[in-house]
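Take a look at the structure set out below.
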Amino acid sequence: MDWGMKNRFNKIIRPKDGRTVMLAVDHGYFLGPTTGLERFADTVVPLLPYADTLMLTRGALRNYIPPESDVPIVLRVSGGTSILNKNLLHEGIITSVEEAIRLNAVGLAFSILVGAEFERDTILNFTKVIDEAERYGIPVIAVTAVGRDMVKDAKYLSLATRMAGELGARIVKTYFCENFERVVETSPVPVVIAGGKKIPEKDALEMTYNAIQAGAAGVDMGRNIFQSENPVAMIKAVRAVVHENYTAKEAYELFLAEKKGEGKN
Ligand code: R5P
């Protein structure tokens, strides 16, 4: 890796432990005012001190995040369809690499829709973005397996993850599943998990713990943090699992203490 690529990559996956807590708040690009993000800045700005990286759209970045913030930005650059469209899984390029450079992004996130009707379009656009981003030393993160139609098992997720890595992604974001070790072991690049739809905090911390034990480099988590009854307490608990090797039980205890205002960190 060239210096610029290494430096940006290290701002996403922290070199001290090879792990990351990416905060995903890009949902508005196809879901509009997602629950928990209606008043975007009120929810997200208090979480910034605990996020290694913030993943969002250019519009959310410009309008809701103070430019004084030093959180590294991963820009969502694929999209083009909404939740109302039956062809939701047909995304194209929505933001140029030039714009990402102007916004000082350290990485780009692009969805590839492996197995969907328009997979070829999404994959060819993905590799086009990678070719350009690599020219400027910007890592591209593949977002895999979004969509209700996909069976998110180890067979499918390792297929999508391996493809993304071989096609040039520097990091792959996927979902946790049974036998997740297989997904990690067959990936040429670090793998992080999305949280998926909101589940109880205890369960989300258990999933995070199991993913880390299976070799995940961390999380790219959204709803299970910003839709939590206490988002700051939840991101601190997730961080403790990812960076401080807390067990799920210890992290849940931390969550409860933070929620009550008794937390130490
Ligand atoms: C989906 O394409 C978006 O990129 C979300 O950022 C992603 O699904 C992660 O968020 P969540 O943890 O809410 O699933």
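Note: hydrogens, waters and symmetry copies are ignored here, and every other heavy atom, side chains too, is used. We count ligands from 1, going down the list as the structure has it; atoms in each ligand are counted the same way.
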Salt-bridge present (Lys202, Glu206; N to O < 4.0 Å): no
Got a salt bridge between Lys249 and Glu253, using NZ or NE/NH1/NH2 to carboxylate O under 4.0 Å? yes
I'd like to know if Glu117 pairs up with Arg120 as an ion pair, taking the criterion as any Lys NZ or Arg NE/NH1/NH2 lying under 4.0 Å from an Asp or Glu carboxylate oxygen. no
Compile the protein residues with any heavy atom at a distance under 4.0 Å from an atom of ligand 1; present them by chain, then by number. Ala24, Asp26, His27, Tyr29, Met55, Arg76, Val146, Lys173, Tyr175, Ala194, Gly195, Gly196, Asp220, Met221, Gly222, Arg223
Scan residues 61-74 for pairs that pass salt bridge (charged side-chain N to carboxylate O under 4.0 Å, His left out), counting only residues two or more places apart or in two chains. Arg62-Glu99
Name all residues meeting the salt bridge (Lys or Arg N to Asp or Glu O under 4.0 Å) criterion together with Lys11; count only those two or more places apart in sequence or in a different chain, and write none if there are none. none
Please, which pairs that meet ring pair (Phe, Tyr, Trp, His ring centres under 6.0 Å) have at least one residue in residues 14-39, sequence neighbours excluded? His27-Phe226
